[in-house]
Amino acid sequence: LQELVESGGGSVQPGGSLRLSCRASGYTYSTYCRGWFRQAPGKEREGVAIIDSDAGISYADSVKGRFTISKDSADNTLYLQMNSLTPEDTAKYYCASAVGRYCSGGSIVSSDFNAWGQGTQVTVSS
């Protein structure tokens, strides 16, 4: 069982930045892909960014050029650097891991992931 704990959410003005972190604990082996998803009130969960074991990265079109996903394998931590935030980025952000699975060829597919964090709220408003 892998446990994921996110941190770094908060409130920020439009144009601001936040850095989310996600620490994995428990069974951290055979994790071939990690990612970030988000869900805004009344909307479906959407994929934001994923990074696989070969450091291959994919982003949702809505965040390309603004968000950067990275990982520190030494301490099993996943990051999401978010710049130029807009009110449309307001959502609860979830970290996810694909344990014993591979991501779907560069696409961000939530069903690839079988371990999820509890989420951290990001609110962008003036």
Side-chain angles (χ1 to χ4, degrees):
L1 180 67
Q2 183 174 122
E3 295 184 349
L4 301 171
V5 179
E6 302 97 335
S7 61
S11 296
V12 64
Q13 292 186 338
S17 298
L18 284 173
R19 189 191 195 202
L20 305 184
S21 300
C22 173
R23 184 79 184 272
S25 62
Y27 186 83
T28 58
Y29 303 101
S30 303
T31 301
Y32 300 123
C33 192
R34 300 187 70 181
W36 290 97
F37 292 77
R38 66 186 182 186
Q39 188 167 20
K43 294 187 177 181
E44 293 187 355
R45 182 172 57 193
E46 65 169 334
V48 175
I50 58 172
I51 182 167
D52 66 27
S53 54
D54 295 325
I57 291 173
S58 294
Y59 293 101
D61 288 342
S62 58
V63 306
K64 281 181 181 176
R66 301 188 298 122
F67 290 12
T68 303
I69 189 171
S70 62
K71 63 180 180 177
D72 184 339
S73 298
D75 67 357
N76 296 310
T77 302
L78 183 72
Y79 300 99
L80 185 68
Q81 178 66 45
M82 306 186 294
N83 298 328
S84 302
L85 286 161
T86 74
E88 288 67 39
D89 296 314
T90 295
K92 196 165 188 178
Y93 284 70
Y94 297 88
C95 165
S97 291
V99 183
R101 301 178 179 179
Y102 291 90
C103 282
S104 302
S107 298
I108 305 176
V109 180
S110 62
S111 59
D112 287 342
F113 296 85
N114 52 6
W116 294 85
Q118 295 300 306
T120 185
Q121 180 67 36
V122 171
T123 302
V124 185
S125 70
S126 54

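Using a 4.5 Å heavy-atom threshold, the side chains of Leu85 and Phe67 count as touching. Residues Arg66 and Thr86 form a side-chain contact, since some pair of their non-hydrogen atoms from C-beta on lies under 4.5 Å apart. Pro14 places a side-chain heavy atom less than 4.5 Å from the side chain of Pro87. Looking at Leu4 and Ser97, their side chains come closer than 4.5 Å, going by heavy atoms from C-beta outward. A 4.5 Å side-chain heavy-atom check between Glu44 and Ser110 finds every atom pair outside the cut-off.
Under the 4.5 Å side-chain heavy-atom criterion for grouping Ile, Leu, Val, Met, Phe, Trp and Tyr, Ile57 is connected to Leu78 within one hydrophobic cluster. Grouping the Ile, Leu, Val, Met, Phe, Trp and Tyr side chains by contacts below 4.5 angstrom, directly or via other members, places Val12 with Val63. Under the 4.5 Å side-chain heavy-atom criterion for ILVMFWY residues, a single connected hydrophobic cluster contains both Tyr59 and Tyr93. Residues Trp36 and Met82 fall within the same hydrophobic cluster, defined by Ile, Leu, Val, Met, Phe, Trp and Tyr side chains chained together at heavy-atom separations under 4.5 Å. Val99 and Tyr29 fall within the same hydrophobic cluster, where Ile, Leu, Val, Met, Phe, Trp and Tyr residues are linked whenever their side-chain heavy atoms come under 4.5 Å apart, directly or through other members.
For Phe37, the ring-ring contact (aromatic ring centres under 6.0 Å, His included) partners at least two apart in sequence or on another chain are Phe113, Trp116.
Pairing each heavy atom of Ser17 with each of Asn83, the nearest pair is OG-OD1, 2.9 Å. Here the closest non-hydrogen pair linking Ala91 and Gln121 is O-NE2, 3.4 Å. Contact between Val48 and Leu80 at its shortest, heavy atoms only, is CG1-CD2, 4.2 Å. Here the closest heavy-atom approach between residue Ile50 and residue Cys33 is recorded as CB-SG, 4.2 Å. Shortest non-hydrogen contact noted between Gln39 and Lys43 is NE2-O, 3.0 Å. When all heavy atoms are compared, the tightest approach of Thr28 to Thr31 is O-OG1, 3.2 Å.
Under a 3.5 Å cut-off, the side chain of Gln118 and the backbone N or O of Glu6 do not form any donor-acceptor pair. When atom types are taken as modelled, the side chain of Asp52 and the backbone of Asp54 share a donor-acceptor pair closer than 3.5 angstrom. No donor-acceptor pair closer than 3.5 Å links the side chain of Gln13 to the backbone N or O of Ser126. With hydrogens and angles disregarded, a donor-acceptor distance shorter than 3.5 Å links the side chain of Arg34 to the backbone of Asn76. Judged by distance alone, the side chain of Thr77 and the main-chain N or O of Asp75 form a donor-acceptor pair under 3.5 Å.
If you take SG on Cys22 and NZ on Lys71, they are separated by 12.5 Å, rounding to the nearest 0.5 Å. One finds the OG atom of Ser21 at 9.5 Å from the CD atom of Gln81 (value rounded to the nearest 0.5 Å). Here CZ of Arg101 is found 7.5 Å from OG of Ser111. Values are rounded to the nearest 0.5 Å.
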Tyr94 vs Leu20, side chain to side chain contact (heavy atoms under 4.5 Å, CB included): CA-CA, chis, key distance, verdict: CA-CA 10 Å; Tyr94 297 88; Leu20 305 184; over 6 Å; no
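Ser62 and Glu88 form no side-chain donor-acceptor contact under 3.5 Å, judged by distance and modelled atom types alone.
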